[in-house]
There are 2 protein chains.
Amino acid sequence: MTLKLDKVNRGPHLSTLVASSISREIAQGRLKTGDQLPTEQALATTFGVSRNVVREAIARLRSEGRIWSQQGRGAFVAETNNPTVLTIDHETLQRADSFRNLFELRGILEVQAAALAAKRRGDADLKAMGDALSGMRAAPYGSVAWLRSDLEFHRTVAEATRNSYMGQFLVFVSERVRESILAAGNQQKSDDMARITLGEHERIFAAIRNGDVEGAQAAMRDHLAGAALRVGLHEGEAAEAESPAREVASPVRHSRLRKAIRGQAGG
Amino acid sequence: MTLKLDKVNRGPHLSTLVASSISREIAQGRLKTGDQLPTEQALATTFGVSRNVVREAIARLRSEGRIWSQQGRGAFVAETNNPTVLTIDHETLQRADSFRNLFELRGILEVQAAALAAKRRGDADLKAMGDALSGMRAAPYGSVAWLRSDLEFHRTVAEATRNSYMGQFLVFVSERVRESILAAGNQQKSDDMARITLGEHERIFAAIRNGDVEGAQAAMRDHLAGAALRVGLHEGEAAEAESPAREVASPVRHSRLRKAIRGQAGG
DNA sequence: AAATCAGGGTTGTATGATAACACGACAACG
DNA sequence: CGTTGTCGTGTTATCATACAACCCTGATTT
């Protein structure tokens with residue numbers, strides 16, 4: 001046994017469902033900035049959960065700056081136009097469509113980063129990329145060392161853009177993507193994949209070394225398409241409209257409540 | 001009259017205090033990655049609060065990715081070596097090259113967003129964009145209303161990508177760019193500029209409406225190039241800015257508990 | 001020895017109660 | 001008439017307790 005009976009990573013707590021439901025209401029404009037939310041009691045009954053759960057959800061939204069609340073008055077939708085920090089909630093990332101979206105964003109950044117790197121790379125950048133590739137060749141596919149070298153390669157590409165924000169964002173997004181993949185943990189490994197993946201990286205490297213902007217873009221696009229396949233995202237027109245269609249392990253308990261929440265959120 | 005005394009800055013909730021206390025323990029290394037936290041009951045008694053408060057704090061830390069918990073086992077410190085939030089420092093943005101880099105990143109995102117929007121826009125998106133354009137036509141160039149409509153237009157484009165992360169990132173980057181421009185505040189206004197800028201937006205809109213992917217990209221690229229010129233970006237410089245670090249008012253009630261928490265946490 | 005199961009410990013959720021606070025209604029008072 | 005004090009209601013913040021679901025361990029049984 002012990003086959004990868006999905007370890008149900010972070011089974012979404014009820015508070016998470018409630019939080020994303022409210023969050024969705026805000027995002028879709030049904031709750032505008034300054035609006036007062038229903039009372040905790042009302043939310044609890046409409047969602048069919050305890051007030052405690054609602055409070056955890058609200059605490060979370062408050063910590064994200066989406067709403068603010070005052071004792072004796074109520075909770076109100078905050079001004080969302082001043083996000084001073086950017087955070088990606090990785091419980092939401094467990095949803096397939098969210099993951100796809102983030103992967104798409106990563107792709108855009110990676111491809112353009114490859115283009116800039118092909119224009120601006122210096123000798124030091126090329127050496128760093130070469131070292132990272134060597135590291136990938138030396139390590140077994142999927143091992144920790146392999147993953148580290150993989151990340152390192154992409155990091156050096158980002159660095160070669162000479163745009164620190166590009167690197168910052170790219171690392172941030174890539175890390176979230178990687179975490180999500182590791183959490184799913186359903187990727188099979190083979191020597192073929194090692195060879196293919198390595199080849200993709202080498203083509204990216206070659207194009208960047210030659211200053212071939214469009215070649216670098218194409219090679220990176222290929223690589224990402226391959227990576228998408230390897231993690232089980234079918235390629236092509238990736239992200240469809242965001243709809244709450246999560247597939248993960250079915251919730252055991254409270255399934256009716258969860259369904260109700262999902263239904264109302266989906267709209 | 002109207003003496004504006006600060007609106008009572010309410011003391012943070014107990015759950016916030018508990019959360020930041022635990023957070024500090026992690027940051028200072030007293031709780032290493034993988035360590036198991038004390039049980040909720042234990043935390044409740046040591047902090048002198050109810051288990052409910054502890055749960056809200058833990059829910060918050062969990063949503064921030066600092067810890068993860070599993071029913072029946074406990075809560076554990078997550079791998080937090082990679083940043084879970086992304087922030088852009090105000091001061092570094094004042095440097096011209098930093099600003100240029102951020103502007104470049106914004107350009108990449110905007111151009112690709114325009115492409116995706118041309119593919120995926122729906123009728124509601126087109127209407128929203130049209131409304132934003134109307135708002136720009138009605139408002140004087142550079143006015144608050146004009147800026148709001150401008151932002152609104154770009155936001156609707158991002159929304160039409162059907163990729164929430166795209167919108168999130170784009171809004172975040174654009175806001176930083178806009179703040180920086182406003183801080184510089186050395187842009188001249190003219191009717192010519194109003195006409196030109198509006199025309200750029202209209203071409204973007206037309207291309208997206210027609211589903212012209214490359215046209216949308218080109219139009220957005222034009223617009224950004226124009227915007228770069230208008231803010232004096234090629235030899236540009238930035239201005240000074242301040243960053244008021246505001247203090248929180250002293251908590252009124254539960255002061256003993258709060259002090260206890262602060263004391264133990266502060267070290 | 002291996003499988004099964006019982007028990008305790010922990011988190012997740014529900015429920016009710018109390019305290020702190022905001023706000024309007026209303027009477028008392030000048 | 002305007003002001004003030006008081007009260008009542010509604011809401012959030014917190015507490016306390018109980019139960020359900022789940023994990024882990026170890027004894028019991030096969």
Side-chain angles (χ1 to χ4, degrees), chain A residues 1-2 5-19 21-22 35-63 67-78 91 249-258 260-261, chain B residues 7-19 22 35-63 67-78 249-258 260-261:
Chain A
M1 314 329 175
T2 80
L5 252 207
D6 36 23
K7 37 180 111 171
V8 190
N9 275 339
R10 349 173 180 283
H13 304 153
L14 285 183
S15 59
T16 302
L17 292 180
V18 171
S21 179
I22 297 177
D35 281 2
Q36 179 167 10
L37 273 73
T39 69
E40 296 181 347
Q41 188 57 54
L43 288 173
T45 60
T46 62
F47 282 130
V49 300
S50 85
R51 199 181 138 222
N52 225 317
V53 171
V54 171
R55 278 196 59 78
E56 283 186 20
I58 288 193
R60 177 165 163 175
L61 293 176
R62 193 172 42 218
S63 90
I67 67 176
W68 60 275
S69 61
Q70 189 173 2
Q71 181 173 140
R73 288 189 59 194
F76 303 85
V77 179
E91 295 193 38
S250 65
V252 222
R253 157 188 57 123
H254 288 109
S255 55
R256 271 174 312 143
L257 303 179
R258 288 166 197 271
I261 292 175
Chain B
K7 60 173 78 171
V8 186
N9 205 338
R10 178 162 315 285
H13 304 152
L14 285 182
S15 60
T16 303
L17 292 179
V18 172
I22 297 176
D35 282 1
Q36 179 167 11
L37 274 73
T39 69
E40 295 180 348
Q41 188 56 55
L43 287 174
T45 58
T46 63
F47 282 130
V49 300
S50 84
R51 197 181 142 220
N52 225 319
V53 170
V54 172
R55 279 196 60 77
E56 282 187 22
I58 289 195
R60 174 166 169 175
L61 294 175
R62 193 171 43 218
S63 90
I67 68 176
W68 60 275
S69 61
Q70 190 173 0
Q71 181 172 140
R73 286 188 63 194
F76 303 85
V77 179
S250 63
V252 208
R253 88 206 118 103
H254 284 109
S255 55
R256 269 177 311 142
L257 301 179
R258 290 169 197 271
I261 290 176

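In what follows, chains carry the letters A, B, and so on, assigned in the order in which the sequence lines appear, proteins first and then strands, with residues in each chain numbered from 1. What's counted below: heavy atoms across the whole structure, side chains too, no hydrogens, waters or symmetry copies.
Listed pair S50(B) / dC15(D) meets the phosphate criterion, a side-chain N or O lying under 4.0 Å from OP1 or OP2. Regarding contacts with the backbone of dT10(C), every side-chain N or O of Q41(B) stays at 4.0 angstrom or more from both OP1 and OP2. In terms of phosphate contacts, R55(A) brings no side-chain nitrogen or oxygen within less than 4.0 Å of OP1 or OP2 of dC15(D). For the pair S15(A) and dG12(C), the criterion of a side-chain N or O lying under 4.0 Å from OP1 or OP2 is not met.
Put simply, CD on E56(A) is 14 Å from P on dC15(D), counting in whole angstrom units. One interatomic measurement links the two molecules: NE2 of H13(A) to P of dT11(C), which rounds to 11 Å at whole-angstrom precision. Note: CG (L14(A)) to P (dT15(C)) measures 12 Å, nearest angstrom.
Between Q36(B) and G74(B) the shortest heavy-atom distance is NE2-CA, 3.7 Å. When all heavy atoms are compared, the tightest approach of F76(B) to L37(B) is C-CD1, 4.0 Å. Across all their heavy atoms, A57(A) and A19(A) have their closest contact at CB-N, 3.7 Å.
Between T16(A) and R60(A), the side chains place a donor N or O and an acceptor N or O closer than 3.5 Å (distance only, hydrogens not considered).
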Short N/O separations, protein against nucleotides 4-11 of chain D, under 3.5 angstrom:
residue	atom	partner	partner atom	Å
dG10(D)	N2	G72(A)	O	3.2
dT11(D)	O2	G72(A)	N	3.4

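A search for salt bridge (Lys or Arg N to Asp or Glu O under 4.0 Å) contacts involving R73(B) returns nothing, not counting sequence neighbours.
Among dC15(D), dG12(C), dT12(D), the nucleotide with an atom closest to any side-chain atom of N52(B) is dC15(D).
A donor-acceptor contact under 3.5 Å is formed by the side chain of R51(B) with the base of dG12(C).
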